[in-house]
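Here's the structure, in structure tokens; my notes come after.
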Amino acid sequence: MAGNSKRIYLIGFMGSGKTSLVKKLANKLGYEWRDIDADIESATEMDIPTIFSEHGEDYFRKLEAQFLRTTGLEENMVVSCGGGTPCFEGNMLWMNENGITIYLEMTPKAIYSRIKDQRETRPLLQKIPEDKLLDHITEMLEQRLPFYEQSQLTISGLTYKLPELVETIKSR
Ligand code: S3P
């Protein structure tokens, strides 16, 4: 992207820390931030589990792709995507053409321990019993990796250093 104006897309599996990093990063860069899931929830006045249960996943994916593309009208912005955003509707390609993509990498075990008690807000995991959850996360992550790995930068979701990340972004 030309000049100092940048759009940054945070991607990664559910529970990898996108929601917390988006605010910290925007604050350090002096950018605005957005969260695709939160935008969808406020526009539809429905929470994500309700959208999935009443309208289905395909409907959600269409909304997700539409809301993602509205970020193309903004500059100097950090965007937190949903865990599945890069994997549907050509979204990964679109993000790479319209901004800097950053993958928050985390092992299935770390993801498991972070999300095992927060499944009710995540329709894709709600019905998975706890003893099958780690295997399920491992499988889903394997399917999603080919998309996540197309990101321009990869950082560890557990041990990234915010000042280093800010410098890397500024130098691009
Ligand atoms: C999803 C992740 C969720 C949300 C929806 C689907 C996914 O976002 O978009 O439940 O497909 O991985 P988080 O990654 O913020 O939990």
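Ligands are counted one by one from 1 in listed order, and the atoms in each one are counted from 1 as well. Throughout, numbering of the chain's residues begins at 1 and tracks the sequence.
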message = Counting neighbours of CD on E45 that are heavy atoms of other residues, nucleotides or ligands and sit closer than 6.0 Å, is the number greater than 12?
response = no
Would you mind writing out the side-chain donor-acceptor pairs for residues 33-42 within the sub-3.5 Å range, not counting sequence neighbours?
unit_1, atom_1, unit_2, atom_2, d
R34, NE, D39, OD2, 2.8
R34, NH1, E74, OE2, 3.4
R34, NH2, D39, OD2, 2.9
R34, NH2, T70, OG1, 2.9
D35, OD1, D37, N, 3.0
D35, OD1, A38, N, 3.0
E41, OE2, I48, N, 2.9
S42, OG, A38, O, 3.3
S42, OG, D39, O, 3.3

List of N/O pairs, ligand 1 versus protein, all under 3.5 Å?
unit_1, atom_1, unit_2, atom_2, d
ligand 1, 8 (O), D37, OD2, 2.8
ligand 1, 9 (O), D37, OD1, 2.9
ligand 1, 9 (O), D37, OD2, 2.9
ligand 1, 11 (O), R61, NH2, 2.7
ligand 1, 11 (O), G84, N, 3.4
ligand 1, 11 (O), R144, NH2, 2.7
ligand 1, 12 (O), G84, N, 3.2
ligand 1, 12 (O), R144, NH1, 2.6
ligand 1, 12 (O), R144, NH2, 3.4
ligand 1, 14 (O), K18, NZ, 2.6
ligand 1, 14 (O), G83, N, 2.8
ligand 1, 16 (O), R122, NE, 2.8
ligand 1, 16 (O), R122, NH2, 3.3

remark   = Across all chains, not counting sequence neighbours, the salt bridge (charged side-chain N to carboxylate O under 4.0 Å, His left out) partners of K116 are none
task = Indicate whether the side chain of E64 and that of T85 have a donor and an acceptor atom separated by less than 3.5 Å.
result = yes
query = With sequence neighbours left out, which residue pairs that include part of residues 131-149 fulfil the side-chain hydrogen bond (donor to acceptor under 3.5 Å, both in side chains) condition?
reply = none
remark   = Minimal heavy-atom distance between P123 and T121, with the atoms involved, is CD-O, 3.5 Å
